[in-house]
There are 2 protein chains.
Amino acid sequence: MPYSADHKKQSRERIRMAAAELFCRYGFDQVSITQVMKHAKMTHGAFYAHFESKGMLYSEAIRSAAEQSLFVREGYELNREKIIYLIKEYLSLPHVKQEVPPCPLAFLSTDIAHRDEHVKASYEAVFNGMINKLSQVLDDSESAHQSAKSLAQQLVVSLVGTVSIARSIADPHAQQTLLDNTKTGLIHLLKNTV
Amino acid sequence: MPYSADHKKQSRERIRMAAAELFCRYGFDQVSITQVMKHAKMTHGAFYAHFESKGMLYSEAIRSAAEQSLFVREGYELNREKIIYLIKEYLSLPHVKQEVPPCPLAFLSTDIAHRDEHVKASYEAVFNGMINKLSQVLDDSESAHQSAKSLAQQLVVSLVGTVSIARSIADPHAQQTLLDNTKTGLIHLLKNTV
DNA sequence: GTCTATACGCCGATAGAC
DNA sequence: GTCTATCGGCGTATAGAC
């Protein structure tokens, strides 16, 4: 055959990456296969040689987006200080504006609710991955009244809620205030549970 | 004319209400004008006698949804105990499953991010309304290190984040755990800032 | 594997009868 | 004001050449 297996793999990966960026930015319904393929430097006809449907691509794109996002990309050798650093990055305007690879949990939260179980399973896997990673770090210095996993969940829902809301608000000043308030609140929460 | 002004007003209201329910449940893109009008007991042709576009309907539907939602409908004569009651209702499975009129902040958060400034303004107004209402109650018994408005924001972003994520997760047990954890965390937060 | 071309359906919005 | 009918556009997915 005129195309190597590696070439196919690379094409597939380009599609996955393009999809991760575009779906996060515009949502599932407002991104067409034609747009994704153009972003991946191909035409729409080639799509179905790599994925069986747009929905299946979505499911994979969520995991791709997660792999590139803050907490995974910089989440090696995590400790309390690094968590605080990541919280600040997560709750930053560049993240909200998707100038860095965004967290799909925050950018796609309500979008996932309308999709099939396969897509939801991807979202849930990313969510659990983030919780597990955080709770491992928080475990060794945990307060008496709150388990590490529960604390990690508090953290994540606040992060996700804040960024979701900030993206849906037009006023830049209100965005910044919101981000800063959550930042202060979460750091306070972490300090008090050392 | 064969139709009274009141009749027109009622039709318009039926459309608004139908839109509020359907948009919250399925999102903007996955609801057609035909569906909304069918839900409002009319045919699609009549739509543009009441609204100038689907986007304008969305903007109004967000406010309609907010008016019916928990914190507004039961938010009169608020106090700390009632806030705790509303938190429990908000973080309940019937709310997540939209068996009661849902909060548009949680059900539409990422959906709004892709719309125009007019829609975002509606979302922001609902958000600010909720923050203001809560912070008034929290103001008289505020802790030294955290303003009432900031505390109210912590509350809302946790509520919104939790319900958004819970809707996007398939496993009912994980949903319930998530809801319960946030419930505990927020009640703890409120008690500690009396 | 990737291309161009197209089948087929749905949607937002408009036109005109009643 | 509400109806039926339709326009124009775009979407997913497929077919067939190379």
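So that the names make sense, note that chain A is the first sequence line, chain B the second, and so on, each numbered from 1. What's counted below: heavy atoms across the whole structure, side chains too, no hydrogens, waters or symmetry copies.
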Select from B:K41 and A:Q35 the residue whose nearest nucleotide in DNA chain D is closer to the 5' end of that strand.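 So the residue in question is B:K41.
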Provide, to the nearest angstrom, the distance between the [atom1] atom belonging to [X] and the [atom2] atom belonging to [N].
X	N	atom1	atom2	answer
A:D6	C:dG1	CG	P	12 Å
B:K38	D:dT2	NZ	C1'	16 Å
B:L57	C:dC11	CG	P	15 Å
A:L22	D:dG11	CG	P	13 Å
A:R12	C:dT2	CZ	P	12 Å
A:M56	D:dT12	CE	C1'	16 Å
A:I15	C:dG1	CD1	C1'	10 Å
A:K8	C:dG1	NZ	P	4 Å

In terms of the angle between their ring planes, are B:H95 and B:F107 parallel, tilted or perpendicular, with boundaries placed at 30° and 60°?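 B:H95 and B:F107: tilted rings.
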Main-chain N/O of B:V96 paired with B:R167 side-chain donor or acceptor, under 3.5 Å: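 No: the side chain of B:R167 does not pair with the backbone of B:V96.
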Relative to B:Y76, does B:K82 satisfy both conditions: NZ or CZ under 6.0 angstrom from the six-membered ring centre, and within 45 degrees of the ring's axis?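 Cation-pi check for B:K82 and B:Y76: passes.
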Ring-face cation of B:K133 near B:F71 (centre distance under 6.0 Å, axis angle within 45°):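 Not satisfied by the 6.0 Å and 45° rule.
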Closest nucleotide among C:dC3, D:dT2, D:dT4 to the B:T43 side chain: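 Looking only at heavy atoms from C-beta outward on B:T43, the closest nucleotide is D:dT4.
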What does the B/S/- profile of nucleotides 12-18 of chain C look like, 5' to 3', with a 4.0 Å heavy-atom cutoff to protein? SBB----
Quick check for you: to the nearest 0.5 Å, what is the distance between B:K183 atom NZ and B:Q176 atom CD?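 It comes to 6.0 Å.
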For the pair A:K9 and A:D6, evaluate salt bridge (Lys or Arg N to Asp or Glu O under 4.0 Å) and give the outcome as yes or no after the intermediate values. CA-CA 5 Å; A:K9 197 176 161 189; A:D6 188 63; 5.4 Å; no
